[in-house]
Structures are given as C-alpha cells and as structure tokens.
Amino acid sequence: MPLRRIARPELVRAAHVARACASALAAVALLAAFAPTAAGHQAGSPGAKAKPCQKAHGPFHVSGTKVIGAHGKVFIPYGITVPGLGNADYQPFVPLDDAKIKATAAGWCANTVRLQIAPNNLVGENGHVFNRKFLQTIEGEVRTAEKAGLVVVLNAQTEDVGDQPAPTQATATFWKDLAKVYPSDPQVIFDLFNQPRVFMQASCGDNADWSFWRRGGQFSGHGYLGMQTLVNDVRRDGAKEILWVEGPCFSNSLAGLGSHKIVGGGVVYAIQHPHGVHTRAQWYSDFGWVIFRHIAPVVDAEWSNYAATKSECWPDALKAVPAFLLYLHAHGIGLTAFQLKEGLLIRSTNLTAPTRIFSKGKAKWRCKNGLDEGIGQAIMTYYHQHNS
C-alpha cells in the first residue's frame, strides 16, 4: 500500500500566507492606479524597468474552464477592442485602427486585440453581396495585429450598421466567408455576434429569452438564427478557431444559461458590461458560476468605466473597479477593454495616455460627461501586472 503524503501544518499555513500576501500585493498595486499623487495624478504606471510583455501563441483549444495555447500554456486574453470596421464609412478609420492595434501591443502590454466588424459591409443586409475590398481591409488589420504579436478576435458587430438584434442568415454568410480565409489561423478567434438583444419582455433574461437565443425563430416579423445554429454553421464551414459566444440581453449576464448551453467544442462564453450591484456575489451569479461548476471558460469581451450617464459608469468605481479586476484575475477570466478613444480609456489623442479615476486632481469620481475620468490607468496597470 503506497504511503500517503501528509502536509505539515506549518507548511500549509505558510502556503495560505503566501497566497494571501500575493493577493494583497496585487490589490495594493491596483489601488495604486487609483491613488492620486502629490501632483494630483495617479500612481501605478509601469516603470521603465518593467518586464517584457508576453505574447500568446496558438493554436488554441478549450480544456475544461481554460483555453490552452501552444506548448500547453494557459491563454488569458488581456486586450482592447478596436471598432473602426464596425462603421459603414469605415475607410477613414483604418489608419487609426492600425495605430490603435500597434499601441495595444506596445503601450498597453496586451496580448489580444478584438476587431469589431460590420457584416453588412462584407455581405450586405441579406447576405447576397460580397465586398472584396472590405475583406482585404479586414485581412490588412489582421496582418497588422499578428505582426505585432497579438491574438486577433474577429467580432460581428451590428449596432452601427444594419442593427440586427440577433444573428441572421447574413451573419452566417459573413462567417462562411471569413472561415474560407481563416479556417485554422492559430492566432484568430471568432466572436460570433456582439450583444445579442432580442428579448421577449421588458425584464430580459428569462427562460424564453434564453430559448430564443439558443434556438432562434421569428421576432417582430423577422427571422433570426439561434446561436446553436450559428455555431453549427461555422463548424460546418470548416472553421477550427475558438468561438466566443455572447449571451442574450446584451450579454450582461450568463445567469440563465443553465439548460441552454451550446453543444460543441471550442466554446468560450462571453459577457459584457455586467449590471447589478458590484459585489463578488453578484459576479458569481452573473458569470462566475460557469467557472465554478466547470462548464466552460468565460471572458469579458467588452468592459470599461468612464464618465458617462449610463451603465458604463459605476458610482462606486474607486472600490468596485479594482475588486472586479481582482475577481477576473482570481478566476482566470480574460478581458478586452473598450476602447482607445478620448474620454474612455485615453484622455487625449495620445493612444497611451490613459484616463484616470480622478478628475483634475480631485479625489472624486463623478458620472458626468466631459471630465478626465476613466479606468485607462487601471487597465494599463492590470495588464502590465499580469501579462509581463
């Protein structure tokens, strides 16, 4: 009979102390990104002697609640969303997109960029056209990102062009065209549909909403594909990439996922801008449980906090933002922050000049537009902490 190894009590206590100290140090570093210095600025900026930022390498696959990349290394996205190709008049945004992609890699210590793309620009509202020039533009931004060493998440975004609230046949055609170009690119991930937002009643998130999200159907005179159908189509088209799947109701919560889980491999569930109170219990209810119950990996595909009178501004940001970032890190949940735009993650045209939690040196956070407020510095510090 083999001997059972018994842990010595003092070693167990030491291990607990070490973990507690590590968490405390991480919390102190994140809080430093919110603390004003004597000059009224924030501490926490990465120093000149910071370690090199890490690059993630595919191909990727899902194993339990983790995404595994090359050489068995766990991949956690630390990224930024770049939305230029989500505009109908996308051409003027391309140079800025390229600059944002390069800044994401070099200035923000990220390993991932998420490109928002309007399917209508490629295939039209009904999926009956093909815009080769737009495809070449997508390919160009992907090349820029991969050359910078980034993992590239391609996201179908319809809010600005077409405003389809859920996947349509045109969405499937869009992914079919991209699957031909990227059937197995080791550095590419497909984020199938940004913020699905068909809901049956005002209180979105009940069983009917989740059923429609998964199975599709008719809504307000239009037919929509279920997310399961879209996943099946993408796989049938030959795409082997990891798939990010966002939930219904703008993907603010995965609380109702339950029996509506997507069948098939390589799926990561994605949340965006979680609502509700800003507590660990709420985050567990909204998405943490998917990790704890060993269902699938989770990623926060889009999140920010800035001076705006809507859900992107948390009144308790000073405490809640560091707590949220620590929660993500503790459970291996990646993040692609939104976006390098003045007043959001940056405070000027300088793509690496992050916004700060305080306005004009005052230790006060106000959910009011026009102020130099935001979590850019906290995001930059967080990425330098965990991706270097």
Side-chain angles (χ1 to χ4, degrees), residues 15-31 33 54 56 60-69 72-81 109-112 114 151 153 189 191 242-247 251-258 261-262 266-305 314 316-317 319-338 375 378-388:
H16 285 308
V17 170
R19 284 194 294 269
C21 289
S23 297
L25 288 172
V28 168
L30 271 175
L31 287 170
Q54 299 298 303
F60 301 105
H61 68 275
V62 169
S63 177
T65 59
K66 300 183 184 301
V67 174
I68 308 299
K73 187 173 182 180
V74 174
F75 166 58
I76 298 175
Y78 299 104
I80 291 176
T81 292
C109 202
N111 61 16
T112 302
R114 177 171 173 261
V151 175
V153 180
I189 291 171
D191 182 351
I242 292 291
L243 305 180
W244 287 8
V245 177
E246 303 182 23
S251 202
N252 299 142
S253 172
L254 298 173
L257 179 62
K261 295 185 290 292
I262 297 298
V267 169
V268 175
Y269 290 102
I271 60 161
Q272 290 196 24
H273 306 289
H275 291 175
V277 294
H278 310 133
T279 64
R280 293 172 61 87
Q282 181 69 47
W283 299 327
Y284 174 86
S285 175
D286 281 337
F287 57 90
W289 69 274
V290 180
I291 299 289
F292 278 90
R293 296 187 188 178
H294 306 287
I295 293 171
V298 173
V299 66
D300 189 336
E302 188 177 302
W303 179 70
S304 193
N305 235 272
W314 293 359
D316 57 348
K319 293 183 179 179
V321 165
F324 182 68
L325 292 173
L326 287 174
Y327 187 87
L328 296 184
H329 174 66
H331 303 297
I333 298 172
L335 168 68
T336 53
F338 189 82
I375 58 166
I379 294 293
M380 183 179 282
T381 299
Y382 180 72
Y383 288 179
H384 275 272
Q385 266 186 329
H386 301 298
N387 192 42
S388 64

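- Applying the side chain to side chain contact (heavy atoms under 4.5 Å, CB included) test to Ile291 and every residue at least two apart in sequence or in another chain returns Thr65, Val298, Ile333.
- With sequence neighbours excluded, the residues satisfying side chain to side chain contact (heavy atoms under 4.5 Å, CB included) with Val62 are Val67, Ile242, Val268, Pro297.
- Between Tyr382 and the options Asn387, Ile375, Leu325, a side chain to side chain contact (heavy atoms under 4.5 Å, CB included) holds for only Leu325.
- Annotation: side chain to side chain contact (heavy atoms under 4.5 Å, CB included) contacts of Lys73 (sequence neighbours excluded): Gln54.
- The CG atom of Leu326 sits 10.0 Å away from atom NE2 of His331, with the distance rounded to the nearest 0.5 Å.
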Quiz: residues 273-281 side-chain donor-acceptor pairs under 3.5 angstrom, not counting sequence neighbours:
from   : atom 1 : to     : atom 2 : distance (Å)
His273 : NE2    : Glu302 : OE2    : 3.2
His275 : ND1    : Asn252 : OD1    : 3.4
His278 : ND1    : Asp316 : OD1    : 2.7
His278 : ND1    : Asp316 : OD2    : 3.3
His278 : NE2    : Gly276 : O      : 3.4
His278 : NE2    : Trp314 : NE1    : 3.4
Thr279 : OG1    : Gln282 : N      : 3.1

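- Every residue two or more places apart in sequence or in another chain that forms a ring-ring contact (aromatic ring centres under 6.0 Å, His included) with Phe60 is listed here: Phe75.
- Considering only residues two or more places apart in sequence or on other chains, Asn111 meets the side chain to side chain donor-acceptor pair (under 3.5 Å) condition with none of them.
- Screening Trp283, Tyr284, Phe287 for a ring-ring contact (aromatic ring centres under 6.0 Å, His included) involving Phe292 leaves a single residue, Tyr284.
- The CG atom of Leu257 sits 12.5 Å away from atom CG of Asp286, with the distance rounded to the nearest 0.5 Å.
- Closest heavy-atom contact between Trp244 and Ala270: CB-CB, 4.5 Å.
- Rounding to the nearest 0.5 Å gives a distance of 7.5 Å between CG of Asp191 and OG1 of Thr336.
- Ile379 has its side chain out of reach of Phe338: every pair of non-hydrogen atoms, C-beta onward, lies at least 4.5 Å apart.
- Residues that satisfy the side chain to side chain contact (heavy atoms under 4.5 Å, CB included) test with Ile262, not counting sequence neighbours, are Trp213, Arg214, Met227, Gln228, Val231, Val245, Val267, Tyr269.
- Within the 4.5 Å cutoff, side-chain heavy atoms of Leu335 are placed close to those of Tyr383.
- Here the side chains of Tyr78 and His329 are in contact, with some heavy-atom distance below 4.5 Å.
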side-chain contact (heavy atoms from CB on, under 4.5 Å) between Val74 and Ile68, intermediate numbers included: CA-CA 5 Å; Val74 174; Ile68 308 299; 3.8 Å; yes
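- Heavy-atom minimum distance, Ala317 versus Asn305: CB-OD1, 4.0 Å.
- Closest of all the heavy-atom pairs between Ser388 and Cys109 is CB-SG, 4.1 Å.
- Residues passing the side chain to side chain donor-acceptor pair (under 3.5 Å) test with Thr81 are Arg114, sequence neighbours excluded.
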